[in-house]
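What you see is a predicted model, and the numbers here were worked out from it, not measured in a lab.
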Amino acid sequence: MKTLIKNGTVVTASDTFKADVLCDDGRVALLGEALDVAADKTVDAAGKYVMPGGIDPHTHLDMPFGGTTSADDFESGTIAAAHGGTTCIVDFAIQYRGESLRKGLDNWHAKAEGKAAIDYGFHMIMTQVDEGRLAEMDKLVGEGVTSFKLFMAYPGVFLVDDQSIFRAMKQAHHNGAVICMHAENGPAIDIIIDEAKRMGKTHPKFHSITRPSRLEGEATSRAIALAEVADAPVYIVHLSAAEALEAVREARDRGIPALAETCPQYLFCSFEEHMDQDGFAAAGYVCSPPIRPKWHQEHLWRGLRNYDLACVSTDHCPFCMKGQKELGKDDFSKVPNGMPGIETRLHLLWEGVRNGHISMNRFVEISSTAPAKIFGLHPRKGTVAVGADADLVVWDPAKELVLSHKTLHMKVDYSPFEGRKVLGAPAAVLSRGEVIVENDKFLGRAGRGRFLKRATHAR
């Protein structure tokens with residue numbers, strides 16, 4: 001099938017130019033001005049931008065957590081992603097304690113198969129690191145699962161000790177994988193949480209108060225130190241705090257391969273506005289690391305401009321207010337941690353372009369090109385170039401939307417950005433050359449998404 005995108009302005013991480021784009025057999029076949037070729041479908045992109053589809057490198061679909069399961073499965077989550085201009089995700093498979101990595105990965109393959117509407121890959125969460133699982137790491141890398149996540153938080157659930165982290169990093173040095181780190185000092189945080197609860201502090205805002213930004217900074221610095229000694233790259237997930245960013249910046253200034261992402265909730269939500277309020281509504285903003293005071297946002301935007309932050313993911317881990325977030329109605333520590341965002345990431349980041357925080361090319365880089373490069377998908381994904389997969393977004397900078405759970409496609413009963421007006425949205429979304437969203441209508445199908453075998457970071 002041939003699809004021709006006419007009259008648009010192509011925007012990549014490095015270039016902006018007028019061009020038509022011909023997609024054939026799932027790939028970009030030709031770029032040029034005023035292309036006169038036959039096509040099965042033509043999309044008029046006059047007055048619009050043609051960009052690589054978004055790549056979200058941090059999602060949690062169909063994930064059990066906190067006594068419930070994230071509300072979006074691979075069908076609803078990837079359809080919502082497509083509506084928002086994201087054409088590829090990397091989700092987190094989990095090796096639970098006592099399980100092999102193989103079993104964890106097989107479980108997530110089963111969750112996605114026949115459901116995903118866009119292409120996807122997997123990271124592997126490790127909750128135990130021993131000789132057998134180190135050998136399994138090498139096998140999974142050979143199968144295209146080339147990144148592994150470890151936690152410094154959630155004692156008794158996901159937490160692994162520094163010795164385990166260091167072992168995994170040394171293995172990554174040899175097999176070329178990337179170690180992703182949830183960097184919060186979980187044991188210390190648990191003490192602070194227990195103290196708050198003994199004092200009768202149960203409101204959701206205490207989720208933020210009991211997870212100090214200094215302890216995110218400490219854990220980030222420790223993770224980087226371990227990676228430096230192991231001579232392996234480290235990727236800090238969902239960085240929220242100025243102290244953590246400072247640790248990344250300092251390491252990068254010394255030439256250490258320390259990479260980090262942030263998320264829209266940390267760029268656009270604040271403790272003052274969203275957490276420090278009466279009633280239970282603040283539970284909708286409970287995530288970890290937590291929503292920080294507003295002054296952190298300036299540092300995060302600067303980090304994105306200065307390349308100290310590599311990209312923006314969502315950490316999409318949605319729970320409904322009714323029946324799920326309500327598990328913590330009388331105890332903030334039992335509110336399931338996570339927020340919906342897989343559909344709204346590009347809308348919000350475009351606000352950063354409009355407000356002068358980042359350039360249009362940097363927008364493409366942090367939402368698509370950088371994740372593709374870091375996680376072994378480039379140049380197949382993350383760019384508009386001949387031979388690349390035709391995962392494309394025709395972006396209309398004049399299209400206005402009002403964000404609401406009633407009109408968005410994520411399977412939750414609220415939106416953290418309810419009522420927010422945004423200017424800029426997809427007019428059409430292509431996955432491997434096929435138009436799967438056009439004029440806000442989903443034209444794709446569940447199950448058309450393919451599992452992506454990713455290269456190692458070193459390659």
Side-chain angles (χ1 to χ4, degrees), residues 58-74 76-77 80 91-94 96-97 107-108 111 125 127 149 151-159 182 184 186-187 189-212 237-238 240 263 265-266 269 271 273-292 314-344 405-406 408 410-418:
H58 189 154
T59 65
H60 296 285
L61 300 176
D62 199 3
M63 186 187 81
F65 186 73
T68 186
T69 300
S70 57
D72 277 315
D73 64 7
F74 276 85
S76 65
D91 200 77
F92 285 89
I94 303 175
Y96 292 105
R97 294 184 185 277
N107 287 341
W108 254 258
K111 289 172 184 282
I125 291 174
T127 59
K149 182 180 180 182
F151 284 76
M152 293 171 149
Y154 304 123
V157 182
F158 290 130
L159 175 77
H182 180 130
E184 290 183 288
I189 286 169
D190 267 16
I191 292 173
I192 301 171
I193 289 172
D194 288 343
E195 290 174 345
K197 288 165 65 174
R198 284 199 301 270
M199 296 172 66
K201 297 176 178 179
T202 61
H203 188 276
K205 71 179 180 182
F206 290 103
H207 173 79
S208 287
I209 294 170
T210 57
R211 304 182 87 91
V237 298
H238 49 43
S240 73
C263 306
Q265 55 266 36
Y266 305 124
C269 299
F271 176 83
E273 183 178 355
H274 299 100
M275 296 298 296
D276 194 15
Q277 55 178 301
D278 294 333
F280 193 65
Y285 299 87
V286 167
C287 58
S288 295
I291 301 301
R292 302 294 183 191
T314 61
D315 190 15
H316 178 75
C317 192
F319 300 101
C320 291
M321 293 293 289
K322 186 174 179 58
Q324 292 189 302
K325 291 284 188 179
E326 284 179 340
L327 292 171
K329 190 173 183 180
D330 300 314
D331 180 350
F332 72 88
S333 69
K334 294 181 180 178
V335 176
N337 285 209
M339 292 172 61
I342 200 168
E343 186 174 355
T344 54
H405 74 278
K406 295 178 181 178
L408 294 168
M410 298 173 286
K411 214 161 71 174
V412 283
D413 59 2
Y414 81 104
S415 169
F417 305 102
E418 188 71 36

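- Atom NE2 of H405 sits about 13.0 Å away from atom CD of E343, to the nearest 0.5 Å.
- Under a cut-off of 6.0 angstrom, the local environment of NZ in K111 is crowded, with over 12 non-hydrogen atoms contributed by other residues, nucleotides or ligands.
- Without hydrogens or angle criteria, W108 side chain to I94 main chain gives no donor-acceptor distance under 3.5 Å.
- A side-chain donor-acceptor contact under 3.5 Å links K325 to the backbone of A283.
- When each of R292, H274, M275 is tested with S208 by the rule side-chain contact (heavy atoms from CB on, under 4.5 Å), just one qualifies, namely M275.
- Residues S288 and F151 have side chains not in contact (no heavy-atom distance under 4.5 Å, counting atoms from C-beta outward).
- With contacts defined as side-chain heavy-atom distances shorter than 4.5 Å, the pair F158/H182 does not qualify.
- Between F65 and Y154, the two ring planes are perpendicular [angle over 60°; tilted spans 30° to 60°].
- Remark: F206 CZ to E195 CD distance equals 13.0 Å, nearest 0.5 Å.
- Residues P187 and L159 share a closest heavy-atom pair of CG-CD2, 4.1 Å.
- The nearest pair of heavy atoms linking N337 to C317 is O-SG, 3.9 Å.
- In this view, Q324 and T68, A71, F319, C320 satisfy the side-chain contact (heavy atoms from CB on, under 4.5 Å) rule, not counting sequence neighbours.
- G156 and R97 make their closest contact through O-NE, 4.4 Å (heavy atoms, listed as atom of the first residue, atom of the second, distance).
- The OG atom of S333 lies 9.0 Å from the CG atom of D190; values are rounded to the nearest 0.5 Å.
- Going from atom CD of E184 over to atom OG of S240 covers 7.0 Å, rounded to the nearest 0.5 Å.
- Note that the CG atom of D62 and the CG atom of D73 stand 6.0 Å from one another [nearest 0.5 Å].
- Taking CD of E326 as the start and CE of M321 as the end, the distance is 7.5 Å to the nearest 0.5 Å.
- Between the side chain of H203 and the main chain of Q277, a donor-acceptor pair closer than 3.5 Å is present.
- Across M339 and V286, no two heavy atoms sit closer than the pair CG-O, 4.2 Å.
- The two residues G66 and L327 come nearest to each other via the heavy atoms O-CD1, 3.8 Å.
- The side chain to side chain donor-acceptor pair (under 3.5 Å) test applied to S70 returns no partner, not counting sequence neighbours.
- Taking both residues in full, the closest heavy atoms of Y414 and G284 are given as OH-O, 2.6 Å, listed atom of the first, atom of the second, then distance.
- Aromatic rings of H207 and F332 (six-membered ring for Trp) have centroids beyond the 6.0 Å cut-off, not under it.
- At a threshold of 4.0 Å, the pair K322-D413 does not count as salt-bridged, since none of the basic side-chain nitrogens sits closer than that to a carboxylate oxygen.
- No donor-acceptor pair closer than 3.5 Å links the side chain of D194 to the backbone N or O of K197.
- For the pair D330 and T202, the minimum side-chain heavy-atom distance is 4.5 Å or more.
- No side-chain heavy atom of S415 sits less than 4.5 Å from a side-chain heavy atom of P340.
- Without hydrogens or angle criteria, Y266 side chain to P289 main chain gives a donor-acceptor distance under 3.5 Å.
- None of D91, D315, T314 except one satisfies the side-chain hydrogen bond (donor to acceptor under 3.5 Å, both in side chains) rule with T59; the exception is D91.
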